[in-house]
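Right, one structure below, let's go through it.
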Amino acid sequence: SVVVGSNKFTDGAGNNNTTSNTYNWTHDTTPPTGNSISINGGASYTNSTSVTLTLASTGASQMRFKNDSGSYGSWVTYATSYSHTLANTQGTRTVSVQFRDTAGNAASAVNDTIIFDSVAPGVPSLASPANGSSTNDTTPTLDWSDSSGATSYQVMYDDNSGFSSPLILNTYNAYYTLTSMYSSTAGTYYWKVRAGDESGNWSALSSAFSFTIDATPPTMTLTSSAVADGGTHNAAVTMTFTSSEATSNFVAGDITAINASVSNFTAVNSTTYTATITPSSSAPSVVVGSNKFTDGAGNNNTTSNTYNW
C-alpha cells in the first residue's frame, strides 16, 4: 500500500499538500495448487489420437499443454475438461500441463500417460471342428489360433451361412465351448472369429467354417433277392447290407452269422455292402449287432433286423 501524507511538500506559493490517494494491490507469488491431469478418465489404452483431458487446479486462470518432450502450446483459459490431440506415434504417450494464475505465477507441470495403439491384432485361423466335419458332440469346443496382440475374441455363430442373425459370443481365450442352448439341435452351423486388443482395435473376421451336429445313430438293413426273410432256400445267398448313413468302418467281422459262414465281403459304396452267406445247417440267421460301426459323426449303430431262412 502506498500513500503520500499531508504537509509533505508545498507548491510555489508555499501551500502544503493534502493527503494523496492510497494505492493498494495484492502481492501474490504463490502458483496454483492441487494440480492434476487425467487422460480419457484414467484409461490405460486408446486407439485414437483424440483424447479428453480431465483437469483440476486451485487458483488457475490459464493452462498450456505439451506432448511428450515437445514444446508447450499457447496459454488457454482454464477449464476442467479439454479436448487434446496426442502425438501420432504408437506406444506410451505423455501429456503435460502447466497452470498459472492471474498474477502470472506458473505451477510446476503435472502429466499423465496413456498407451496409443491403433494397430489391430492378426486375423485368427480357425482350427476345429474342421470345416465341413460332422460331430455327435452337442457342446463342441470351437478352437482357433492365438492372434498376436489379442486380449479377447468375438465369435459369430449362426445356423445360416449368410450370418443373417448371428449370436455374438465373447471370450478371452482362443477357444469357446458351446453350451446346449446354442447347439443341442441337429443341423449345420457356421462360425467365424475376430480378435480384439486392449485399445479396442478389432481384426477382420476370419474365413467361415461349418460343422454338422448329428447325434442320430446309423441303422443297418439286411436284404437278399435270393430268399425272403423267413423263406426257404437250398444254397448260399448274396446278402445286401444297407446303412442309413455313410460309414467307413463296417467290416465282415461286424456280421454275426448263426449256422452259416460269411465270405466275399464287398464294399459297394460307403452305405452299401454285400457278402455271401453260406448255410451250415437248416436254420441260418444273420444280424449286425449294435456298436459295430460308426457314422461320420462318431455315432454307434443300432442293432439291425435279423434275417432268417
- Message: Name the residue from Trp144, Tyr176, Tyr172 that meets the ring-ring contact (aromatic ring centres under 6.0 Å, His included) definition with Tyr153.
- Response: Trp144

- side-chain contact (heavy atoms from CB on, under 4.5 Å) involving Ser263 - partner list, sequence neighbours excluded: Thr276

- Message: Looking at Gln62 and Asp101, would you say the former's side chain and the latter's main chain have a donor-acceptor pair under 3.5 Å?
- Response: no

- Message: Any non-hydrogen side-chain atom of Phe211 less than 4.5 Å from a side-chain atom of Ser133?
- Response: yes

- When you check the side-chain N and O atoms of Asp197 and Thr151, is any donor under 3.5 Å from an acceptor? no

- Query: Which pair of non-hydrogen atoms, one from Thr294 and one from Pro218, has the smallest distance, and what is that distance?
  - Reply: C-CG, 4.4 Å

- Search all heavy atoms of Pro124 against all heavy atoms of Ser206 and return the closest pair with its distance. O-CB, 3.3 Å

- Message: Would you say that Phe116 contacts Asn88 through its side chain, given a criterion of any heavy-atom pair below 4.5 Å between the two side chains?
- Response: yes

- Query: Closest approach of Asn131 and Ser210, non-hydrogen atoms and distance?
  - Reply: OD1-N, 2.8 Å

- Message: The test is side-chain contact (heavy atoms from CB on, under 4.5 Å); show your working for Thr219 and Asn301 and say whether it passes.
- Response: CA-CA 6 Å; Thr219 61; Asn301 69 289; over 6 Å; no

- Query: With a 4.5 Å limit on heavy-atom distance, are the side chains of Asn201 and Val119 in contact?
  - Reply: no

- Message: For the residue pair Thr247 / Asn249, report whether a side-chain donor-acceptor contact shorter than 3.5 Å exists.
- Response: yes

- Check whether Val76 and Ile37 end up in the same hydrophobic cluster, where Ile, Leu, Val, Met, Phe, Trp and Tyr are linked by side-chain heavy atoms less than 4.5 Å apart. yes

- Item | Cluster check Trp75, Phe99: I/L/V/M/F/W/Y, side chain < 4.5 angstrom | no

- Do Asp143 side-chain atoms and Ser128 backbone N/O form a donor-acceptor pair below 3.5 Å? no

- Note on the structure: In terms of heavy-atom contacts, Pro32 and Asn105 come closest through CD-O, 3.3 Å

- Task: Provide the closest heavy-atom pair for Ser57 versus Asn35 in the form atom of the first, atom of the second, distance.
- Result: OG-OD1, 2.6 Å

- Query: If you count the non-hydrogen atoms of other residues, nucleotides and ligands that lie under 6.0 Å from OH in Tyr190, is the total more than 12?
  - Reply: yes

- Atom of Asn111, atom of Ser96 and distance for their closest heavy-atom approach: CB-OG, 3.5 Å

- Message: Would the distance check show the side chain of Ser6 and the main-chain N or O of Thr19 forming a donor-acceptor pair, the cut-off being under 3.5 Å?
- Response: no

- Are any non-hydrogen side-chain atoms of Ser207 and Leu126 less than 4.5 angstrom apart? no

- Linking Ile, Leu, Val, Met, Phe, Trp and Tyr by side-chain heavy atoms under 4.5 Å, what else ends up with Val227? Met220, Leu222, Val237, Met239, Phe241, Phe250, Ile255, Val262, Phe265, Tyr273, Ile277, Val286, Val288, Phe293, Tyr307, Trp309

- Item | Whether Asn24 side chain and Ser1 backbone form a donor-acceptor pair below 3.5 Å | no

- Query: Under the 3.5 angstrom rule, does the side chain of Asp158 hit a backbone N or O of Ser164 as a donor-acceptor pair?
  - Reply: yes

- Common cluster, Leu167/Ile213, ILVMFWY with side-chain heavy-atom separation under 4.5 Å: yes

- Query: Are there more than 12 heavy atoms of other residues, nucleotides or ligands under 6.0 Å from atom OH of Tyr82?
  - Reply: no

- Item | ILVMFWY network linking Tyr175 to Leu142, side-chain heavy atoms under 4.5 angstrom | no

- Check step by step if side-chain contact (heavy atoms from CB on, under 4.5 Å) holds for Ile114 and Asp112. CA-CA 7 Å; Ile114 195 167; Asp112 192 21; over 6 Å; no

- Item | Candidate pair His84 and Asn67, rule side-chain contact (heavy atoms from CB on, under 4.5 Å), full reasoning | CA-CA 10 Å; His84 183 74; Asn67 286 325; 2.7 Å; yes

- Message: Per the salt bridge (Lys or Arg N to Asp or Glu O under 4.0 Å) rule, what does the pair list look like for residues 41-69, sequence neighbours excluded?
- Response: Asp68-Arg93

- Item | Ser152 and Asn170: side chain donor to acceptor below 3.5 Å | no

- Message: Run Asn259 and Ser285 through side-chain contact (heavy atoms from CB on, under 4.5 Å) and show every step you take.
- Response: CA-CA 7 Å; Asn259 298 326; Ser285 178; over 6 Å; no

- Query: Do Val110 and Phe65 sit in the same hydrophobic cluster, where Ile, Leu, Val, Met, Phe, Trp and Tyr count as joined when their side-chain heavy atoms come under 4.5 Å apart?
  - Reply: yes

- Task: Could you tell me whether a side-chain N or O of Asp137 sits under 3.5 Å from a main-chain N or O of Thr139, the two making a donor and an acceptor?
- Result: yes

- Message: For Asn264, is there any backbone N or O sitting under 3.5 Å from a side-chain donor or acceptor partner on Thr266?
- Response: yes

- Task: For the residue pair Ser165 and Asn160, establish whether any side-chain heavy-atom pair is separated by less than 4.5 Å.
- Result: no

- Message: For Thr212 and Thr188, which I'm curious about, is there any donor-acceptor pair between the side chains at under 3.5 Å?
- Response: yes

